[in-house]
J.: 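Have a look at this one.
Just follow the structure's listing: the first ligand is 1, and inside any ligand the first atom is 1. No hydrogens, no waters, no symmetry mates; every other heavy atom, side chains included, goes into these values.
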Amino acid sequence: MEPIVKAAFKAREKAYAPYSNYRVGAAVETEDGEIIVGCNVESSSYGLTVCAERVVLASAVAKGYRRFKRIAVSSKGDAGPCGACRQFIWDLCRNIPILMISDDGSVEELMSGDLLPRAFDNRFLKKNDE
Ligand code: THU
């Protein structure tokens, strides 16, 4: 298993998912080759739950990273990122490979742009310095 896949697979064990029992791990590779991990974190107020993909990207940004090469997500079966996370990935990473890892370790790779056609992003908003 390549490091980013292994990291996402392993991060799944950290998931806090007492309500759904659906565990998700994620890993993102920064421009300079660092790998940062995340997992889903659920809330008793269900709607406050945060998906693994958003946790990993928020964590990476908080660590000072802004440029990402790839993201890997480990979950049950052949699920891909939810719609909200596709938007979040596009916002912060633009068109990068998303590696989707099943329980058995098999990996399917799709581009974030292919998972979110005609994406909305800050090109449509007034200019800022971010
Ligand atoms: N979940 C993720 O972490 N990523 C996704 O892309 C889909 C859903 C989490 C949220 C919640 O904790 C659990 O999976 C069930 O929806």
J.: Would you please classify the geometry between the Tyr19 ring and the Tyr16 ring as parallel, tilted or perpendicular, with 30° and 60° separating the classes?
T.: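 Correct class here is perpendicular.
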
J.: Among pairs that include at least one residue of residues 30-59, which meet salt bridge (Lys or Arg N to Asp or Glu O under 4.0 Å), considering only residues two or more places apart or in two chains?
T.: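 Only Glu31-Arg67 qualify under salt bridge (Lys or Arg N to Asp or Glu O under 4.0 Å).
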
J.: By side-chain hydrogen bond (donor to acceptor under 3.5 Å, both in side chains), which residues pair with Arg123, not counting sequence neighbours?
T.: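 By the side-chain hydrogen bond (donor to acceptor under 3.5 Å, both in side chains) rule, Arg123 matches Asp121.
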
J.: Using the side-chain hydrogen bond (donor to acceptor under 3.5 Å, both in side chains) criterion, which residues pair with Ser43? Sequence neighbours excluded.
T.: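 None.
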
J.: Say you draw a straight line from CD1 of Ile36 to CD1 of Ile4; how long is it, rounded to the nearest 0.5 Å?
T.: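 Going from the CD1 atom of Ile36 to the CD1 atom of Ile4 covers 10.0 Å.
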
J.: Whether the side chain of Thr30 engages the backbone of Phe68 through a donor-acceptor N/O pair (distance < 3.5 Å, no angle test) should be reported.
T.: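 No; judged by distance alone, with no hydrogens or angles, the pair does not exist.
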
J.: Show the protein residues that qualify under the rule heavy atom under 4.0 Å from an atom of ligand 1, listing them in chain and number order.
T.: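 Residues Ser20, Tyr22, Val24, Asn40, Glu42, Thr49, Cys51, Ala52, Glu53, Pro81, Cys82 each place a heavy atom under 4.0 Å from ligand 1, listed by chain and number.
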
